[in-house]
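Here you go, one structure.
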Amino acid sequence: MEWFPEERWTYIIEALQKHNKVKVSELADTFQVTMETVRRDLDQLAVTGDVKRVYGGAVNIGYPQGEPPLHQRSNLMTEEKQAIGRSAVSLIENGSTIAIDTGTTALELTHALKEKVGITIVTHSLAVAAAIADKLAKEECKGELIMLGGQLNPEQQSMTGMMTMDQLKTFNFDQAFISVGGMSMQNGLSDYDLNETVISKEMIKRSKEAIVLADHSKIGVDAACNMASFDQVDVIICSEAKPKGWKRKDFENINWIKARGQGYESRLPYSS
């Protein structure tokens with residue numbers, strides 16, 4: 001079968017949306033063309049802003065126009081996020097004080113939260129707070145919810161600003177559960193919204209254990225705002241195993257947990 005250039009470009013973009021990364025050698029086998037042809041395809045897509053070129057292939061460019069509102073992301077990779085949420089809950093101990101930031105993956109943690117006693121949850125996310133309040137009312141878990149005040153971010157359904165930061169600085173956390181927009185070897189953790197990033201950075205700073213929640217689409221992505229380096233992270237819970245190339249010293253002390261789920265299977269050929 002002969003592929004026209006436009007067909008190859010469409011296939012590449014769709015593959016990136018599903019797997020977040022493509023390899024030149026694998027695309028050459030799929031299209032039955034030379035690797036040089038694939039490299040030219042990727043170079044063309046990079047010029048138009050559809051992909052980001054990396055050594056040996058390309059990665060998903062993420063959200064070049066900024067991250068969509070929370071409600072638009074709620075149905076993306078649901079099974080993966082649910083598995084991550086269940087894995088995150090298993091790390092919470094009774095009697096602990098935890099911070100949860102905003103994001104659809106963090107929200108799945110709250111949906112999975114059950115049978116915990118004496119926990120104190122601090123959040124600036126309206127969606128997370130509403131879910132926790134429902135859990136407490138139904139006595140599915142027992143503890144205290146503290147909602148940080150501040151200026152409303154309607155798109156992300158969260159509170160941000162100086163008031164939020166001032167309140168946040170009064171706490172010390174056993175654990176902070178942090179959603180990210182991207183994570184890459186070059187730039188560490190990142191996100192799309194500056195105000196949200198500042199809050200997450202402070203949560204990491206004030207916690208004994210920083211736990212990152214990220215589905216596989218975040219791997220290799222650099223969002224607009226730098227959040228933290230990997231040496232500030234203790235645990236990464238992801239829907240995929242750590243990529244083979246991520247062997248740097250930064251990861252020696254990180255516990256990378258591959259979340260297990262029944263609704264999806266591993267899709268990344270470069271995972272280990």
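Note that the numbering runs from 1 along the sequence shown for the chain.
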Item checked: Point-to-point distance, once rounded to the nearest 0.5 Å, from CG of L152 to OG of S158 ->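 Reported to 0.5 Å precision, the distance equals 7.5 Å.
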
Notebook entry, point to check: What is the minimum heavy-atom distance between K208 and D234, and which atoms define it?
Noted result: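 Looking at all heavy atoms of both residues, the shortest contact is O-OD2, 3.7 Å.
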
Notebook entry, point to check: Does G118 offer a backbone N or O that forms a donor-acceptor pair with the side chain of N94 under 3.5 Å?
Noted result: no

Margin query: Whether the side chain of T123 engages the backbone of I100 through a donor-acceptor N/O pair (distance < 3.5 Å, no angle test) should be reported.
Written below: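 Such a contact is found between T123 side chain and I100 backbone.
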
Item checked: Gap between atom CG of L145 and atom NZ of K135 - 0.5 Å precision ->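 K135 NZ to L145 CG: 13.5 Å, rounded to 0.5 Å.
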
Note to self: Looking at E115, I'd like to know if its CD atom is crowded, meaning that more than 12 non-hydrogen atoms belonging to other residues, nucleotides or ligands lie closer than 6.0 Å.
What the structure shows: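 At most 12 heavy atoms, drawn from other residues, nucleotides or ligands, come within 6.0 Å of this atom.
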
Item checked: Distance-only polar pair, side chains of S90 and S87, donor-acceptor under 3.5 Å ->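 Side-chain D/A pair, S90 to S87: absent.
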
Check: Any side-chain heavy-atom pair from F177 and S200 closer than 4.5 angstrom?
Finding: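 No - every pair of side-chain heavy atoms lies 4.5 Å or more apart.
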
Notebook entry, point to check: Quick one: CD1 on I132 to CD on E144, what's the gap to the nearest 0.5 Å?
Noted result: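 Separation between the atoms: 12.5 Å.
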
Item checked: Atom of T105, atom of S179 and distance for their closest heavy-atom approach -> CB-OG, 4.0 Å

Checklist line | Distance-only polar pair, side chains of D191 and T197, donor-acceptor under 3.5 Å | finding: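 Judged by distance alone, the side chains do not pair up.
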
Check: What is the distance from atom CD1 of I204 to atom CG of L189, rounded to the nearest 0.5 Å?
Finding: 6.0 Å

Notebook entry, point to check: Is any side-chain heavy atom of M183 closer than 4.5 Å to a side-chain heavy atom of F230?
Noted result: yes

Margin query: Please check: side-chain N/O of E240 versus main-chain N/O of I219, any donor-acceptor pairing under 3.5 Å?
Written below: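 No, because the side chain of E240 does not come within donor-acceptor range (under 3.5 Å) of the backbone of I219.
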
Note to self: Show, in sequence, the C-alpha distance, side-chain angles and deciding distance for S125 and Q157, and conclude whether the side chain to side chain contact (heavy atoms under 4.5 Å, CB included) test is met.
What the structure shows: CA-CA 6 Å; S125 167; Q157 298 181 29; 5.7 Å; no

Next item on the list: Applying side chain to side chain contact (heavy atoms under 4.5 Å, CB included), name anything that partners N255, two or more places apart in sequence or on another chain.
Entry: V235, I257

Check: Partners of A112 by side chain to side chain contact (heavy atoms under 4.5 Å, CB included), sequence neighbours excluded?
Finding: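 Testing A112 for side chain to side chain contact (heavy atoms under 4.5 Å, CB included), a comparison that skips the adjacent residues, returns R86, V89.
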
Margin query: I'd like to know if the side chain of Q32 and the backbone of D29 have a donor-acceptor N/O pair within less than 3.5 Å.
Written below: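 Answer holds: yes.
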
Next item on the list: Supply the atom-to-atom distance E108 CD to D215 CG, rounded to the nearest 0.5 angstrom.
Entry: 11.0 Å

Checklist line | For the student: nearest non-hydrogen atoms of A15 and V22, plus distance | finding: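 Heavy atoms only, the tightest pair is CB-CG1, 3.8 Å.
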
Next item on the list: Verify the distance criterion only: is there a donor paired with an acceptor across the side chains of N226 and S190 at less than 3.5 Å?
Entry: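 Per modelled atom types, N226 and S190 side chains form no pair under 3.5 Å.
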
Next item on the list: Could you tell me the separation between the NZ atom of K242 and the CD1 atom of I254, rounded to the nearest 0.5 Å?
Entry: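 The NZ atom of K242 sits 8.0 Å away from the CD1 atom of I254.
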
Next item on the list: Could you note down all residue pairs passing ring pair (Phe, Tyr, Trp, His ring centres under 6.0 Å) where residues 101-143 supplies at least one of them, sequence neighbours left out?
Entry: none

Next item on the list: Decide if atom CD of E2 counts as having more than 12 heavy atoms of other residues, nucleotides or ligands within a radius under 6.0 Å.
Entry: no

Check: Are the side chain of R8 and the backbone of W3 linked by a donor-acceptor contact shorter than 3.5 Å?
Finding: yes

Checklist line | Minimal non-hydrogen separation, M35 against A28, with atom names | finding: CG-CB, 3.8 Å

Notebook entry, point to check: So, K258 side chain and I237 main chain: donor-acceptor pair closer than 3.5 Å or not?
Noted result: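 Side chain of K258 to backbone of I237: no pair is present.
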
Next item on the list: Would you check if L213 and V180 make a side-chain contact, meaning some heavy-atom pair closer than 4.5 Å?
Entry: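 Not touching, per the 4.5 Å side-chain cut-off.
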
Next item on the list: Report yes or no: does D174 contribute a side-chain atom to a donor-acceptor pair with the main-chain N or O of T97 at less than 3.5 Å?
Entry: yes

Note to self: Closer than 4.0 angstrom, basic N to acidic O: yes or no for R39 and D43?
What the structure shows: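 The answer is no: the pair does not qualify as a salt bridge.
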
Next item on the list: Mind running side chain to side chain contact (heavy atoms under 4.5 Å, CB included) on M159 and Q151 for me, showing each step along the way?
Entry: CA-CA 5 Å; M159 310 302 288; Q151 183 177 356; 6.0 Å; no

Check: Between F31 and I12, is a side chain to side chain contact (heavy atoms under 4.5 Å, CB included) present by the stated rule, with each step listed?
Finding: CA-CA 11 Å; F31 301 141; I12 292 169; 4.1 Å; yes

Checklist line | Under 3.5 Å donor-acceptor, Q232 side chain and S229 backbone | finding: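 Confirmed, Q232 side chain pairs with S229 backbone.
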
Item checked: Donor-acceptor pair between T104 and K81 side chains, under 3.5 angstrom ->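 Checked: T104/K81 side chains pair up, N/O donor to acceptor below 3.5 Å.
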
Next item on the list: Considering non-hydrogen atoms only, spot the tightest contact between Q175 and I211 and give its length.
Entry: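 Q175 and I211 have their closest heavy atoms at NE2-CD1, 3.7 Å.
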
Next item on the list: Go through the steps for T120 and I98 under the test side chain to side chain contact (heavy atoms under 4.5 Å, CB included), then give the verdict.
Entry: CA-CA 6 Å; T120 299; I98 65 175; over 6 Å; no

Note to self: Among residues at least two apart in sequence or on other chains, which ones pass ring pair (Phe, Tyr, Trp, His ring centres under 6.0 Å) with W9?
What the structure shows: none

Margin query: Do the side chains of K114 and E140 get close enough for a salt bridge, i.e. N-O under 4.0 angstrom?
Written below: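 Judged by the 4.0 Å cut-off on N to carboxylate O distance, K114 and E140 do not form a salt bridge.
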
Next item on the list: State whether the side chain of T37 and the backbone N or O of V33 hold a donor-acceptor pair below 3.5 Å, judged by distance alone.
Entry: no

Check: For the residue pair D193 and C225, what are the closest heavy atoms and their distance?
Finding: C-SG, 4.1 Å

Notebook entry, point to check: If two hydrophobic side chains count as joined below 4.5 Å and joins carry through other members, does L126 share a cluster with I146?
Noted result: no

Margin query: Suppose we screen for salt bridge (Lys or Arg N to Asp or Glu O under 4.0 Å). Which residues come up paired with E209, at least two apart in sequence or across chains?
Written below: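 If we apply the salt bridge (Lys or Arg N to Asp or Glu O under 4.0 Å) test to E209, skipping adjacent residues, there are no hits.
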
Check: Is there a path of hydrophobic side-chain contacts, each under 4.5 Å between heavy atoms of I, L, V, M, F, W or Y residues, that connects M227 with L194?
Finding: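 The answer is yes; both residues are in one hydrophobic cluster.
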
Next item on the list: Treating Ile, Leu, Val, Met, Phe, Trp and Tyr as nodes and any side-chain heavy-atom pair under 4.5 angstrom as an edge, say whether M147 and V122 lie in one connected cluster.
Entry: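 No; tracing contacts between hydrophobic side chains, which count when under 4.5 Å, never links both residues.
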
Next item on the list: Output yes when a side-chain donor or acceptor of T10 lies under 3.5 Å from a complementary backbone atom of E7, and no otherwise.
Entry: no

Name every donor-acceptor pair, under 3.5 Å, that has one atom in a side chain of residues 160-167 and the other anywhere in the protein, sequence neighbours excluded.
residue, atom, partner, partner atom, Å
T164, OG1, G149, O, 2.7
T164, OG1, T160, N, 3.4
T164, OG1, T160, O, 3.1
Q167, OE1, G149, N, 2.9

